[in-house]
Amino acid sequence: MSIFEYNGSALVAMVGKNCFAIASDRRLGVQLQTIATDFQRIHKIHDRLFIGLSGLATDAQTLYQRLMFRHKLYQLREERDMKPETFASLVSALLYEKRFGPYFCQPVIAGLSDDDKPFICTTDSIGAKELAKDFVVAGTAGDSLYGACEAMFKPDMEPEELFETLSQALLASVDRDCLSGWGGHIYIVTPTEVKECTLKGRMD
Amino acid sequence: MKLDTTGLESALPLFGANCQMVDGFTAAPAFDLPTTLDFDGFQKEAIQMVKPAKGTTTLAFIFKEGVMVAADSRASMGGYISSQSVKKIIEINPYMLGTMAGGAADCQFWHRNLGIKVCRLHELANKRRISVTGASKLLANILYSYRGMGLSVGTMIAGWDETGPGLYYVDSEGGRLKGPRFSVGSGSPYAYGVLDSGYRYDMSIEEAAELARRAIYHATFRDGASGGVASVYHVGPNGWKKLSGDDVGELHYKYYPVTPSTVEQEMVEVSGA
């Protein structure tokens, strides 16, 4: 198994009508053995910006700490929060700095930019940005997630429908992957509120 | 009338195949060799293809009322789950069961071969059923003759014969062990933990079934390559009977129901940016 499959992960972000949702699984494993079933993969940068980090868990934690540090410095200097597009460029630059000894992570960035327009993007492990208008996926269950999202996605979904669609897509995909699952974590972000839910999934 | 044993004659010279005392029914069936230039390299690749495949949890134990056999039902290819509904407990004949771990094709074929060519033929030739000891020994010898050729079989033969309940572990390296409790597969360490701590010889059938079910459930929880349905079979003096097949996802919430938790954080109004 490759280094990206050492810990196992599943991440997906989807765009709705003036809102977005980002979801992950909750398993932390060491190859086939499950160590924890409450691992936090999605982190809040600020109220309108979330980042999920898939791949090697230690690199995900370190990368998150470095990004938080850079964002806090930005907040002190600029006296405002970073826009999602700017943050995505920051992630890309930080990853390319390590071009010849990379972080074994694949981040998924999701945020609300100007005029409450949802923004999602993913990068590969050395910082190539991929902007999408509908959904982005990452992790060991990535291939299954592509299939499930492609089948279930509709443009301009309201937050409740987006929650249902994303949860079903995530749970269906992780049920075909040995290395991810054991529950789900989902954040639904609208301009006025952030809703965080835990999903009840198969624990095998 | 002489039995037609042309199907049993081997093109490969096997150890002891020229022995007269085997009476024509213990020589392994012949297989054609593949037409390659590099036979050893081909064999190595074949072994590597099957190698990661012992992703499973199976267990069996002897107790007062017979033998309890249980297994999960997941088939995995590396990280991908190819099926959640594989039958890993193979019914060799009405009073003997075999479990599957390793290569599915290998286990299915050799168990069927054991049931038809070995056990049934023995019954017809000797007018009495074959013992568990005998069946497991014949399987072990067949697998030993294919040693190094890339078969992947980790099986337990459980049955009830004249001497009572019998349980043997047989693998593709040619090993054969007699014992009261076994668990095979990538999830076996987790199953052993539950099985060994809860085991008593004098359990009732329901208690033993619940122990087996719990052990499989705990293995599916911790092991990524085990999951699906936990099947439990019981082998008694009148043969085997399937006791239950519970979906492991539902078993989790039965053993650990979700309780409503206290609210940690109230929703706060976020001022629009």
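Please read these numbers as outputs of a predicted model, since none were measured by experiment. Sequence lines set the chain letters: A, B, ... in the order given, protein chains first and strands last, and positions in each chain run from 1.
- Judged purely by atom type and a 3.5 angstrom limit, A/Arg202 uses its side chain to pair as donor or acceptor with the backbone of B/Gly228.
- Under the 3.5 Å distance criterion, the side-chain polar atoms of B/Arg74 are matched with a main-chain donor or acceptor of A/Asp204.
- Between chain B and the residues A/Gly201, A/Ser144, A/Ala141, the largest count of heavy-atom pairs under 4.5 Å involves A/Gly201.
- Under the ring-ring contact (aromatic ring centres under 6.0 Å, His included) criterion, B/His111 pairs with no residue at all, not counting sequence neighbours.
- Within 6.0 Å of OH in B/Tyr256 there are more than 12 heavy atoms belonging to other residues, nucleotides or ligands.
- Sparse packing is recorded around CZ of A/Arg70, with 12 or fewer heavy atoms of other residues, nucleotides or ligands lying under 6.0 Å away.
- Looking at B/Tyr253, the atoms closer than 4.5 Å to chain A (heavy atoms on both sides) all sit in the side chain, from C-beta outward.
- The number of heavy atoms from other shown groups lying within 6.0 Å of CD (A/Glu79) does not exceed 12.
- More than 12 heavy atoms of other residues, nucleotides or ligands shown are found within 6.0 angstrom of CZ on A/Arg80.
- The contact list for residues 24-39 of chain A toward chain B, using heavy atoms and a distance under 4.5 Å, reads A/Leu32, A/Gln33, A/Thr34, A/Ile35, A/Thr37 by residue number.
- Remark: A/Asp115 CG is loosely packed, at most 12 non-hydrogen atoms of other residues, nucleotides or ligands lying under 6.0 Å away.
- Of the atoms belonging to A/Asp175, it is backbone heavy atoms, and not side-chain ones, that fall under 4.5 Å from chain B.
- From B/Ser76, atom OG reaches atom CZ of A/Arg176 across 11.5 Å, with rounding to the nearest 0.5 Å.
- Nearest approach of A/Trp182 to B/Phe221, heavy atoms of both residues: NE1-O, 2.7 Å.
- The structure places CD of B/Glu250 at 14.0 Å from CE of A/Met203, a figure rounded to the nearest 0.5 Å.
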